[in-house]
Amino acid sequence: MSLQTTPYKGARDFYPEEKRIQNYMFDTVKHTVELYGYEEYDAPILEPLDLYLAKTGEEIVNEQTYAFEDRGGRKVAIRPEMTPTVSRMVAAKRQELAYPLRWYSIPNLWRYERPQRGRLREHWQVNVDLFGIEGISAEFEIISVADAIFKAFGAQRSMYAIRLNSRKLMDYLLSEYLGLDDAEAGAIAKLIDRMHKMERADFVTKAEAIMTPLERENGVVERLLDILSIKTTKELPEIIRALPTVLELEHVLKLLDEAGISNANFDITLMRGFDYYTDLVFEIFDTDQDNNRSMMGGGRYDGLVGLFGVEPIPTIGFGLGDVTLQNFLRSHHLLPNIQTPTQIYVALVGEVFASAQKPITELRDMGLNVAVSAPGKKIGDQFKIAQKKGIHYVLIIGEDEIQNELFTLKNIVSGEEEKHSLERIVSIINDYRINDSY
RNA sequence: GCGGGAGUAGCUCAGUUGGUUAGAGCGUCUGUUUGUGGCACAGAAGGCCGUGGGUUCAAGUCCCAUCUCUCGCCCCA
């Protein structure tokens with residue numbers, strides 16, 4: 001029995017060409033969020049299992065978390081998300097941090113479940129969080145940052161939709177306006193979450209099954225359907241529209257619209273699961289039908305830092321998964337062809353390995369990325385290898401070059417070939433790289 | 001955890017109602033001589049047909065089981 005070469009189920013190998021894509025995506029994200037003043041942090045991949053039990057549903061922790069006992073008998077988990085960790089970090093230094101905090105990270109996360117399109121067991125997730133601002137300027141900023149990331153990749157507004165809702169609004173709607181008890185409200189909320197996946201009649205049947213006969217007689221299902229069909233906050237019943245959370249939501253939408261973010265809209269069917277969100281929630285969807293998934297989700301979670309026994313801190317943030325982001329970029333042809341960072345491939349001709357070291361070192365000292373071919377290969381093969389590696393320049397070093405201190409530089413894309421000094425070569429390559437950038 | 005689809009060369013796949021030594025394209029390697037690649041030509045390597053059992057004179061092909069991958073469901077941090 002031989003060893004497998006395939007990676008662990010639901011996890012990916014990143015060969016250099018794939019790692020380049022990931023680096024490009026993460027570098028673009030980092031650059032964008034840093035424009036807004038966000039700073040990178042990180043934390044261990046292992047956390048005490050308790051950290052997740054405190055705020056997440058039983059099923060998620062028990063069945064979808066990699067959890068085990070360490071050698072000291074402590075129950076630990078591989079982090080399935082970053083939000084509890086960052087809340088822990090903030091709580092630990094609650095008194096000494098300078099608010100507002102603008103923090104981001106790109107951790108790898110693990111969840112134990114069956115892989116499917118857009119969802120693997122290991123993925124990387126951009127986490128962007130803003131701590132310490134209570135008002136809607138935080139909502140406006142965090143959604144603007146999310147939007148800026150998509151714009152930084154060259155996405156058009158028609159390619160993605162930003163959907164907003166309010167958890168407080170939905171709580172009021174289900175318990176006060178429709179008069180459902182907690183269990184019913186929870187079940188209906190889950191149903192709403194996936195209503196776009198089912199037929200209307202199917203939704204009605206399932207909704208009726210959740211409600212009591214009396215509620216059905218009183219037309220609660222019809223009232224639910226009516227309210228779920230609305231497209232703007234203006235259509236909400238007057239009593240609901242006057243809620244502070246709705247006024248705030250309208251204000252955020254107005255600010256976004258004035259900022260040119262025209263693809264942000266109210267969506268009363270947006271639920272965002274059932275976890276720690278306390279007020280506004282939002283998601284970004286791919287408008288491409290083949291990738292009809294939430295790529296990014298977030299919202300306000302004012303209560304999480306307080307779980308660590310300190311005064312709560314108002315917080316809003318979002319997460320953006322690398323798998324769904326890459327699917328998005330691919331389906332909209334937004335992934336550039338990213339070159340190897342190696343700029344020159346040195347082809348040695350003849351017995352010059354030792355004497356070629358000096359010019360090679362000088363090139364590196366001047367900042368070029370230089371790979372040297374294996375000795376003893378024919379020059380034609382060395383061209384082939386350089387081409388296959390995607391390196392555009394081959395530098396030929398033989399007896400002749402070393403004697404004259406003029407080296408043969410060949411652009412294997414154009415086929416042009418000339419002899420130059422090392423300084424001239426550096427300048428040619430640097431100019432070429434600038435012109436060749438994405 | 002539940003369901004659909006698929007496993008044949010490194011990759012993408014063909015393989016007739018079961019019938020001799022298993023096929024193509026791409027890729028890899030070698031050569032068409034000596035410091036010039038891509039193109040072309042010639043050649044080579046590379047398969048327990050996912051694994052185990054069964055039916056049959058005969059199984060890549062049919063049946064059962066199992067494993068893996070994949071798409072969905074559940075769930076979604």
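Only a predicted model underlies this, so the values are computations on that prediction, with no experimental measurement involved. Below, chain A is the first sequence line, B the second, and so on; all start at residue 1.
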Quiz item: Can any side-chain N or O of Gln357(A) pair as donor or acceptor with the backbone N or O of Ala354(A) at less than 3.5 Å?
Solution: no

Practice problem: Answer with base, sugar-phosphate or nothing: what part of the nucleic acid does Thr408(A) contact at a heavy-atom distance below 4.0 Å? | Solution: base

Exercise. Pick base, sugar-phosphate or nothing for Glu283(A), based on heavy-atom distances below 4.0 Å to the nucleic acid.
Key: nothing

Quiz item: Hey, does Leu334(A) have a side-chain heavy atom less than 4.5 Å from the side chain of Phe328(A)?
Solution: yes

Quiz item: Closest to the Arg114(A) side chain: C2(B), U36(B), G38(B)?
Solution: C2(B)

Quiz item: For Gly380(A), which contact category applies under a 4.0 Å heavy-atom criterion: base, sugar-phosphate, or nothing?
Solution: sugar-phosphate

Self-check item: Nucleotide paired to G3(B) in any strand shown, Watson-Crick or G-U, under 3.5 Å
Solution: C71(B)

Quiz item: Where the side chain of Gln64(A) is defined as all heavy atoms beyond and including C-beta, which of C74(B), U36(B), A77(B) is the nearest nucleotide?
Solution: A77(B)

Quiz prompt | Between G38(B) (P) and Ile385(A) (CD1): distance, integer Å | solution = 13 Å

Quiz item: The side chain of Lys378(A) lies closest to which of these nucleotides: C69(B), G37(B), G31(B)?
Solution: G31(B)

Quiz prompt | Nearest-Å distance once atom C1' is located in both G25(B) and U21(B) | solution = 23 Å

Quiz item: Between A22(B) and G50(B), how far is it from one P atom to the other, in whole Å?
Solution: 15 Å

Self-check item: Separation of atom CG in Asp400(A) from atom P in U36(B), rounded to whole Å
Solution: 13 Å

Self-check item: Spacing between Ile379(A) atom CD1 and U34(B) atom P, to the nearest angstrom
Solution: 11 Å

Quiz item: Can you find a side chain N or O atom of Arg272(A) that sits less than 4.0 Å from OP1 or OP2 on A77(B)?
Solution: yes

Practice problem: Pick base, sugar-phosphate or nothing for Val352(A), based on heavy-atom distances below 4.0 Å to the nucleic acid. | Solution: nothing

Practice problem: Would you mind reading off the distance between Lys190(A) atom NZ and A77(B) atom C1', rounded to a whole angstrom? | Solution: 14 Å

Self-check item: Expected output: side-chain Arg79(A) to main-chain Asn108(A) donor-acceptor under 3.5 Å
Solution: yes

Quiz item: Does the side-chain contact (heavy atoms from CB on, under 4.5 Å) test come out yes or no for Leu280(A) and Glu248(A), once each step is laid out?
Solution: CA-CA 9 Å; Leu280(A) 179 126; Glu248(A) 284 174 6; over 6 Å; no

Quiz item: Within 45 degrees of the axis of the six-membered ring of Tyr36(A) and under 6.0 Å from its centre: does Arg102(A) put its NZ or CZ there?
Solution: no

Self-check item: Phosphate contact (G38(B) OP1 or OP2) by Lys388(A) side-chain N/O below 4.0 Å
Solution: no

Practice problem: Indicate, with a heavy-atom threshold strictly under 4.0 Å, whether Gly415(A) touches base, sugar-phosphate, or nothing. | Solution: base

Quiz item: Base, sugar-phosphate, or nothing for Arg79(A), non-hydrogen atoms under 4.0 angstrom?
Solution: nothing

Practice problem: Give one of base, sugar-phosphate or nothing for Lys410(A), where a contact means two heavy atoms less than 4.0 Å apart. | Solution: base

Quiz item: Taking only N and O in the side chain of Gln382(A), is any of them less than 4.0 Å away from OP1 or OP2 of G37(B)?
Solution: no

Self-check item: Under 4.0 angstrom between Arg194(A) side-chain N/O and C73(B) OP1 or OP2
Solution: no

Practice problem: Starting at atom NZ of Lys384(A), determine the distance to atom P of U28(B), rounded to an integer number of angstrom. | Solution: 9 Å

